[in-house]
Amino acid sequence: MALERRIALVTGASRGIGEAIALRLAQDGCDVAVNYIEEPQRDNAAEADAVADRVRSLGREAACVVADVTDREAVADMVRYVAARLGDVDVLVNNAGITRDRTMRKLAPEDWDQVIAVNLTGAFNCAQAVVEGMTDRGWGRIISVSSVVALTGNFGQTNYAASKAGIIGLTKSLAREVARKGVTVNAVAPGFIDTEMTRAIPEDVAAQIVQSIPMAAMGTPEDVANAVAFLASDRAGYITGHVLSVNGGVYM
Ligand code: NAP
């Protein structure tokens with residue numbers, strides 16, 4: 001297996017793309033920590049448990065770990081907990097992300113702050129918590145989920161596009177810092193992927209989006225997970241600071 005006995009931590013893994021990444025990494029041999037956030041509106045603990053059960057059914061170890069990625073102390077606790085339960089984190093996937101779409105004119109400052117906090121500062125918090133251990137051990141993978149809109153911009157998404165473009169700057173800079181220490185740092189930039197995030201888009205707008213995709217379909221969470229699993233593998237050992245588009249050709 002490509003990732004036999006590696007320990008992976010996937011943020012926001014109770015559903016959507018994060019869930020698919022957790023399962024794909026398990027198929028490739030990783031033990032997986034399934035991060036989730038406590039939310040009053042939904043039973044994320046049960047969803048994370050279900051993902052962990054599916055990881056175990058693939059023959060790997062799993063642990064669920066609650067932490068809001070914006071909370072630095074919670075992130076440090078999460079990394080310690082994963083180390084105690086499964087082992088030191090070898091593969092970090094910064095997947096947790098949110099949208100708060102509004103045109104600039106209507107965008108509340110809190111919606112700017114919250115999106116930057118989760119999507120960008122959250123990735124920083126998690127990367128900083130694991131990177132030193134990775135460089136000390138001489139092997140590591142940090143893979144962050146950016147977005148096509150980081151490359152193109154998008155109407156009503158100044159906050160989200162800025163956060164996802166920030167991910168690319170973080171990725172390329174950190175890649176340079178740790179390149180000699182056996183750690184690669186990459187990003188994936190999904191296009192429009194069929195998850196709850198995109199199901200929130202009005203149907204007519206979603207139909208127009210699909211029309212604009214050369215492959216004429218939204219991607220699946222598994223499409224993104226396959227790209228992440230490749231970047232995590234030893235086959236991608238000479239690839240760092242790269243942004244891998246998974247977008248059906250919508251931006252080339
Ligand atoms: P999703 O279904 O909304 O899943 C996002 C996950 O992140 C959820 O599990 C969510 O938890 C979790 N999360 C949110 N805030 C968090 C926090 N502060 N700490 C820890 N976890 C948190 O979205 P998705 O479509 O799978 O997206 C996954 C990633 O791909 C995101 O970074 C997104 O920006 C990116 N992306 C998605 C698309 C797309 O078309 N779907 C395209 C490009 C990029 P809750 O369940 O509690 O909300």
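All ligand and atom numbering here is 1-based and tracks the order in the structure.
Within the 4.0 Å heavy-atom cutoff, Ser14 counts among the residues contacting ligand 1. At a 4.0 Å cut-off, at least one heavy atom of Ala67 sits close enough to ligand 1 to count as contact. Using a non-hydrogen distance threshold of 4.0 Å, Thr11 does not register as a contact of ligand 1. Note on ligand 1: Pro221 sits outside its first shell, no heavy atom being nearer than 4.0 Å.
Among all non-hydrogen protein atoms, the one lying nearest atom 45 (P) of ligand 1 is Arg15 NH2, 3.4 Å. In terms of protein heavy atoms, atom 40 (O) of ligand 1 is closest to Ile193 N, 2.8 Å. The nearest heavy-atom contact from the protein to atom 11 (O) of ligand 1 is Ile37 CG2, 3.5 Å. Closest protein heavy atom to atom 26 (O) of ligand 1: Ile17 N, 2.8 Å. With respect to atom 22 (C) of ligand 1, the closest heavy atom belonging to the protein is Ala96 CB, 3.6 Å. Closest protein heavy atom to atom 47 (O) of ligand 1: Asn44 ND2, 2.6 Å. At the top of the distance list for atom 12 (C) of ligand 1, counting protein heavy atoms only, stands Gly12 CA, 3.7 Å.
In terms of polar-atom proximity, Glu39 is counted as a contact of ligand 1, with an N or O under 3.5 Å from an N or O of the ligand. Residue Lys164 has at least one nitrogen or oxygen atom sitting less than 3.5 Å from a nitrogen or oxygen atom of ligand 1, judged on distance alone. Below 3.5 Å of separation, one finds no N or O of Glu196 facing any N or O of ligand 1. The N/O atoms of Val69, backbone and side chain alike, include one that comes under 3.5 Å of an N/O atom in ligand 1. Not one N or O of Phe192 is nearer than 3.5 Å to an N or O of ligand 1, by distance alone. Between Thr198 and ligand 1, no pair of N/O atoms sits closer than 3.5 Å.
Of all the listed residues (Val51, Thr195, Asp194), Thr195 holds the heavy atom that lies closest to atom 24 (P) of ligand 1. With atom 31 (C) of ligand 1 as the reference point, the heavy atom nearest to it among Asn95, Val145, Asn94 is part of Asn95. Within the set Gly97, Ser147, Gly191, the minimum heavy-atom distance to atom 38 (C) of ligand 1 is found for Gly191.
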Do Met218 and Thr198 pass the side-chain contact (heavy atoms from CB on, under 4.5 Å) test, and can you show the C-alpha distance, the side-chain angles, and the key distance before you say yes or no?
CA-CA 9 Å; Met218 286 209 184; Thr198 42; 4.2 Å; yes
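For Val118, every heavy-atom contact with ligand 1 shorter than 4.0 Å involves the side chain, none the backbone. In Ile98, the part holding a heavy atom less than 4.0 Å from any atom of ligand 1 is the side chain. Contacts of Tyr36 with ligand 1, taken as heavy-atom pairs under 4.0 Å, are absent altogether. Looking at Asn35 against ligand 1, only its side chain comes within 4.0 Å, counting heavy atoms.
Remark: Glu203 CD is loosely packed, at most 12 non-hydrogen atoms of other residues, nucleotides or ligands lying under 6.0 Å away.
Geometric assessment of Arg102 against the ring of Trp112 yields a negative cation-pi assignment under the 6.0 Å and 45° thresholds.
Looking at Asp28, its side chain never comes within 3.5 Å of a backbone N or O of Ala2 through a donor-acceptor pair.
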What pairs of donor and acceptor atoms, side-chain ones from residues 30-40 against any protein atom, are under 3.5 angstrom apart with sequence neighbours left out?
from: Asp31; atom 1: OD1; to: Glu61; atom 2: N; distance (Å): 3.0
from: Asn35; atom 1: OD1; to: Gly12; atom 2: N; distance (Å): 3.0
from: Asn35; atom 1: ND2; to: Val65; atom 2: O; distance (Å): 3.3
from: Asn35; atom 1: ND2; to: Ala67; atom 2: O; distance (Å): 3.1

Enumerate donor-acceptor pairs with a distance under 3.5 Å from any side-chain N or O in residues 243-252 to protein atoms, sequence neighbours excluded.
from: Asn247; atom 1: OD1; to: Gly249; atom 2: N; distance (Å): 2.7
from: Asn247; atom 1: OD1; to: Val250; atom 2: N; distance (Å): 3.3
from: Asn247; atom 1: ND2; to: Tyr251; atom 2: O; distance (Å): 2.8

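The Ser146 neighbourhood of ligand 1 comprises atoms 43 (C), 44 (C), with distances under 4.0 Å to a heavy atom of that residue. Proximity to Gly16 (heavy-atom distance under 4.0 Å) selects the following atoms of ligand 1: 26 (O). Near Asp68, meaning under 4.0 Å from any of its heavy atoms, are these atoms of ligand 1: 17 (C), 18 (N), 19 (N).
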